[in-house]
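Single-structure report; data block below.
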Amino acid sequence: MLLITCPHCGPRAETEFRNGGEAGIVRPRDPAALSDGAWTGYVFTRQNPKGRFHERWCHAQGCGRWFTAVRDTVTDRFLSFHPAGEQPDEAGR
Amino acid sequence: MAERIAGTSHLDLKNRPSTRGAQLRMLERPFKAKVGLRGGEDVIRAVEPVLGFALPRRVGETGSGSGAHAFWIGPDDWIIVYEPGREAQIAQALREACRGLHHAVIDLSERMTTICLEGQPLRDVLAAGCPLDLHPRAFRPGMVLQSHLGKANVILHYVAGNADRPFVDLYTNRSFADYVWKYLENAAREFGYEIVA
Amino acid sequence: MSQKARIAQGGRIDRSRTIRFTFDGKRYEGHPGDTLASALLANGVHLVGRSFKYHRPRGFLSAGSEEPNGLVQLEMGGGRTDPNFKATQIELFDGLVAESQNRKGSLRYDRNAVNDRLAHFLPAGFYYKTFKWPAAFWTKVYEPRIRAAAGLGKAPTAPDPDRYLHRHVWTDVLVVGAGPAGLAAALAAARTGARVILCDEQPEVGGSLLSESGRGITVDEVAPDAWLERAKAELGQHPELTVLTRTTCFGYYDHNYLGLLEKVTDHLADPPPDLPRQRLWRVRAKQVVLATGAIERPLVFPDNDRPGIMLASAARTYLNRFGVLVGREVVVCTSDDSAYDAALDLQGAGAKVTVVDQRHTPIGERVVHAQTAGITILRGQGPVGSQGRFRVAQLHVQALDEAGRPIMGRVQALSCDAVLMCGGWNPTVHLFSQSRGKLRWDEGLAAFVPGEGMQEERSAGACRGSWTLAEALVEGLAAGTEAAVAAGFEAHPTPAPAVREPVLGPHQPVWLLEGDRAGQRAWVDFQNDVTAKDLKLANREGFRSIEHVKRYTTNGMATDQGKTSNVTGLAIVAENLSRPIPEIGTTTFRPPYTPTTFGAFAGPSRGDLFDPVRRTPMHGWAERQGAVFEDVGLWKRAWYFPKPGEDMHAAVERECRAVRNAVGMFDATTLGKIDIQGKDGAEFLNRIYTNAWSKLGIGKCRYGLMLREDGMVFDDGVTTRIGEQHFHMTTTTGGAAGVLAWLESWLQTEWPELQVYLTSVTEQWAVIALQGPKARDVLQAVLTRGDISKEALPHLSMTEAEVAGIPARIFRISFTGELGFEVNVPASYGEIVTDALHRAGQPFGITPYGTEAMHVLRAEKGYIIVGQETDGTVTPQDLGMDWAVSKQKDFLGKRSLSRPDMLSPDRKQLVGLLPVDPKLVPGEGAQIVESPKPKLPAKMIGHVTSSYHSASLGRSFALALLSGGRARHGQRLWVSHGDGTAEVEVTAPVFIDPEGARLHG
Amino acid sequence: MTRFSIFSLARNALSGHANWPAYWRSPEPKRGYDVVIIGGGGHGLATAYYLAKVHKVTNVAVLERGWLGGGNTGRNTTICRSNYLYDESAALYDHAMQLWEGLSAELNYNVMFSQRGVLMLAHNTHDLQIARRTVHANRLNGVDNELLTAEEAKAFCPQLNLSKDIRYPVMGAALQRRGGTARHDAVAWGYARGADRLGVDIIQNCEVTGIRVEGGRAVGVETSRGYIAAGRIGCVAAGHSSVVAGMAGIELPLESFPLQALVSEPVKPAFPCVVMSNTIHAYISQSDKGELVIGAGTDQYISYAQRGGMQIIEHTLEAILELFPIFSRMRMLRSWAGIVDVTPDRSPIIGRTPVDNFFINCGWGTGGFKATPGSGHVFAHTLAHGEPHPINAPFTLDRFVNGRLIDEAAAAAVAH
């Protein structure tokens, strides 16, 4: 069971959290203007990377806040945690 | 006969078997006043005079005064707990204080119930289903933490006492009181427990 | 006399008390402190089991959790039966009853032993090569026979009477293993004031010291025993140090999360009912010290599996810890100095001991001691065979060349009643490997040792290949201190202990000894009957990766998980393929370290605690009204209210009739409720609902649909504007939690600029729906404040009022098509208000109704239920609800609705169905076809989503999703029914009051 | 090539089994092949086998990063069934079922296909509706599946706990008698042996590190053992499909999750069939060796580490014991995890990609093993003709663009 550091509550057990998949997928400003393909990319296509991954977590059974974590999907080690609104840098810090 | 229904009413705690004088004591206090407050810095400034004490700003913290406790729930999220009966009046006072600000004041008295635990074994009993670090070094008097007990969300408030005789109030949604109560009884069996009703 | 192999004194058993136990129906005696294994050996019982495949007679190989042979069924009665328990791990208690396993007939005369004669025809993987013809025979004939022969013990057939609990704990340092290294580590860490947990699978701490005779060893000038007593004493002095004995660390998971299984009552004759049988500890450790020791390797030589042939360390444990002498004429076969301790100890206890050392020039200090003690040592020789049916009687030894290969020629037969093997040692690296640590092959030690670690852990002592006591104590001390410091504590200066012990000579492994006789079998995996020949065969057939060899031969896959067979197997494969061991691969170890009880994992989550049972405040009231309940998500909901003598059908008809003709009351408390506050509430609703909200007036309600971004309906409900900046949203019962989470994620991550706060108030309110032409009359009768007249409270509006003296929010909402009110009162008053309404309603014929009647009533009106008319593949257009879909604004999922397939005319659309036979009620889920007797595979053009008999229509009717359905109104089609079909007519999905006159009444 | 039979077994017994040939050669990779298949699991090996057997395309290489069947083929709970709701799925999985039924003979290798029956439990009215919908659909598709009452279910599986006071009492079940289990390793080995015999090169320890694409056409693969030219490339990399497709510049609607499973210690026959419950998330059967084989759920986060959290095992065993309290004292012997590639509609993607000559067969999620023969059979057709077989035609990548999903997840997973 992962140990996840909520930016607001500190390190807590994974069972307090809900994973929200890939982070940083921004909803298109004007969906109507998109091709079916482009819209599909937004709705369905995922990086699913082997290695560093920016993902969303919600501290569902704690403060209820969504935040972003950077995790290596090979080692499952977390590199950093970021409250909503704060973007991880290139190095994932 | 129709009556006001608490989370554990159907369990008939009065006649439920338990051990007189056991180290651990359990009871439900269903009708405490609980008011939810949401808002930013401006709201904090506006309500603190009404409350008469400072709102907690960090996880684990509580603010207390004049028979009330304010729990830190999230960065812009608090629950304020009073003795029963004052919910409407408090909610009203807070709403007035927040007029014009982005805020939410909401009565949660009926949504949540309180199970009061007292006695040395309660840490081990809670640890049977709660993944928090409940060691005296980590969970100290005055603190409040949210987590889960088995499959129920809970808020744990370390009201007072010391490592040998702690008092902890457990808050959970009313329909989960049945589960939480039975869960605690099952975990407490090896220590013995007395139901106070 | 019994216990003939028990020596006069010594050992850690309590000779003052005798306890009785039964094995295979025969009664024996032992002492407190015994294991079942030591007690059986004390009574001279060596034959204790049969192997998995060949049913070979077997005795104990070991004295610990690595035991492959000595498995028994514990039979304590009352549902307490346990298959495959290792007798070496069972603490003896009075009245213990055990049975040997996997035999047909008695243990001595096992009829399945014939397999051993057929061994030639049953090589590794034989079953892949045959039993293929005729095809049907596999399932009917061959497989049942194979299954009957396979398996070991018997599964319980009665429920388990015992309880299991969990315990979460956070610690600064977890030390696994309470041998010398672990004790040193735990004490060092505890001295810093850190929170420390020390666990060990044995009933007492001490590890290898419990089996130590202490010959020639001192620690700080005292014997090892004395040092151990000192250490024990100190353990008690550290308040933050928790010692867990009988506790196995079975799993090392991510982020230093470890699973421990504590056996709380397994060792007790009659367990106290208030104690759990076992406790599963979930430990989150800042730092971990692994001090798990090492496991001795057997020697692989022909017929090395006879009872009486065991590990040297085991014989030593039986002697020094349990006071049992496993043989009087003992041959010790070794390629390592450590076995000389056994030789010396057993000789000291009166056995005639001969040592057969594969090494030509062993030089260790112990060898010298053995020589001085007058023990015969045959150097450069090794075992190549054995004799003895139920217990070894002879060992055949032969001279070896420098490479360890037997030199053909004279074979010497040594008569004996016990053979002790030592093929060196394997560090117990299982947990290190589980932690993702990489193993490294150390050629010098001829063993896998911890390589690069991946988590916050460190190994100390034998589990990293440090064989001496001095190393164990020094490394333990260092590891414990470092761990505590890494956890943020200040090191406590402690001098390293001064240890005197014999100097070790080098180990020279001989992985496989084969005689020259054909057809000889040398066992590698004892329990699974995997021999060196099987490994050869696998290699010959092209299996080279160790994983392939394992799976093909089943080497290392028995209940001991290869603790005594993995590495020897690997080494033999490496020799076969003449490649270095690391190239063949290592096995990745996975949890659990030893088999772990299902019940312990499930813990308290059984019955009522399997999932919370959520009841509404009116549950008790409904019970008193005779309600039958159904599960909806976690909730118990009143399903229907049968009167005496009524079946479900009759009850539901009566309830429906009451609602259509008079008034019914329904508990709608479980619907999700979300309080929405903030100035952007309306804009927020615009984005998440398909319809528009800006213009909704205060006190007005509106129905809304929510879509996922893929355009599919995922929830619906009525939302009400309570104030300019205040909304009250309702969701489906099952959707409540999911919807709130979904809304929060959009607010927090996508639209932080919106000033909106969401709060779940599902449980704040009890909701009683009053539905029917007489609803207003009833409500009026108990209304203590407010105006619910047609004018003041038209359809889809809300007012704050007071019912039976209780403040209430009254919504004019109908899910039945009738005049309807939903009365919301503070939850705890739900029963009081329900009761008041029910009493006030008597003159009007008020009738409580349940979810089934609710389903019928709404279906008659063509109202959908998300999850019944929809299944995650249905759009608003499919449901004919375009009226609820805004053309102007954007909303979640809108773009998906214009994808090609969403517009195709053959999409399944909501329709009504009227069975031609008005009594016939199609099954929900029935498929729709175009002919009465379709040819298979038939073209299915839709399915029935809801289907009932309607009291008000006096006939059956259904809702369905039908391909191109709206264009098919009036068509005759067929629905699958029983083994055939039933004819139906397609209609519009509204059956009563299409113009809504009743609704607005 | 020795045929396997009771007779060859006996003959070899006399020679001490010293003359068995290798199951497959271990050739050096050639410079090029007509078809290169990436992934030596069951699906990839089956594809190679049917390419050679049915389509006579024998200049084929199967490239496996590690050892054959070391991925999900060797890590699943070996359940075979074809009782899927939608026509497209039923056609695909029943195609597989029909091949299963003759597979041991086809491969001259005993894959221990055992039609013990698959029982899917219903615990509430909603489950019953789904069960009926599925059973009726299956019947009309010519796929065997029958509705049972709770009592009939217990008659078929006596270990079932029908008590009314368990949290979610069993209200009924759907039974596919043709469903069952097979020996997962044997499937990989059998296909590998068969393909090798027909001339396919099976190359283990050969990791694909790149896909060479020229002018929108895939022309070969870079591997740890050098460049290999390819007329067509079939990517059958399961959990790693996103990674391999990424080498060709293709992004897929996939997420890879850890999926755990476990076995108990072996016991004498104690469980007759396969039982599954979607509502309380449990499935269980007993292997020929006597181990209870239990499938657990996926972890909530994507990961390429073949491991998962202990809480997943706990939840699974809670569910198992709720249905089968008699197994409470059984013990977990081994647990492990695979990486499953999951699509938004829980149906696989089999066919063309935006890159010519680069084909994918992925997205099998938690249910790929049962489809192995059918998947290989239709994918072989697709690779041989450059066009999908009618059975896999609906399982295109395009469906996520045009919306024609095959949403097997939806039917079972909706709220009520």
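Keep in mind it's a predicted model, so treat the numbers as computed, not measured. By convention in this document, chain letters (A, B, ...) are assigned in the order of the sequence lines, proteins followed by strands, and residues within each chain are numbered from 1.
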Quick check on [X] against chain D: is it the side chain, the backbone, both or neither that has a heavy atom closer than 4.5 Å?
X: C/His255; answer: neither
X: C/Pro156; answer: both
X: C/Ala119; answer: neither
X: C/Phe85; answer: both
X: C/Leu634; answer: both
X: C/Met712; answer: neither
X: C/Arg277; answer: side chain
X: C/Thr139; answer: side chain
X: C/Tyr552; answer: both
X: C/Arg80; answer: both
X: C/Val929; answer: side chain
X: C/Leu609; answer: neither
X: C/Ser904; answer: side chain
X: C/Pro612; answer: backbone

Residue part contacting chain C, namely of [X], when any heavy atom lies under 4.5 Å:
X: D/Leu333; result: both
X: D/Asp87; result: side chain
X: D/Val143; result: neither
X: D/Leu68; result: both
X: D/Gln159; result: neither
X: D/Ala13; result: both
X: D/Ile166; result: neither
X: D/Asn141; result: both
X: D/Arg307; result: side chain
X: D/Asn402; result: both
X: D/Ala319; result: both
X: D/Phe7; result: neither

Establish, yes or no, whether a centroid distance under 6.0 Å links the rings of C/Phe601 and C/Tyr164.
no

Only pairs of heavy atoms separated by less than 4.5 Å count here; which of [options] has the most with chain D?
options: C/Phe126, C/Trp138, C/Phe250; result: C/Trp138
options: C/His977, C/His120, C/Gln561; result: C/Gln561
options: C/Phe121, C/Phe543, C/Tyr257; result: C/Phe543
options: C/Asp254, C/Thr554, C/Leu537; result: C/Asp254
options: C/Asn539, C/Val613, C/Asp608, C/Asp710; result: C/Val613
options: C/Leu280, C/Thr81, C/Thr594, C/Leu903; result: C/Thr81

I'd like to know if the side chain of [X] pairs up with that of [Y] as donor and acceptor (distance under 3.5 Å, no hydrogens or angles considered).
X: C/Gln527; Y: C/Thr559; result: yes
X: D/Arg3; Y: D/Ser5; result: no
X: C/Asp611; Y: D/Tyr168; result: yes
X: D/Arg183; Y: C/Tyr128; result: yes
X: D/Gln204; Y: C/Ser545; result: no

What class does the angle between the rings of C/Phe131 and C/Tyr142 fall in, given that below 30° is parallel, 30 to 60° is tilted and above 60° is perpendicular?
tilted

How are the rings of D/Trp20 and D/His17 set relative to one another: parallel (under 30°), tilted (30 to 60°) or perpendicular (over 60°)?
parallel

Six-ring centre of D/Phe4, D/Arg193 cation under 6.0 angstrom, axis tolerance 45°:
yes

Using the side-chain hydrogen bond (donor to acceptor under 3.5 Å, both in side chains) criterion, which residues pair with D/Arg331? Sequence neighbours excluded.
D/Glu265

Note: D/Glu318-D/Arg167 ion pair, threshold 4.0 Å (strictly below):
no

Gap between atom CH2 of D/Trp67 and atom CZ of C/Arg551 - 0.5 Å precision:
4.0 Å

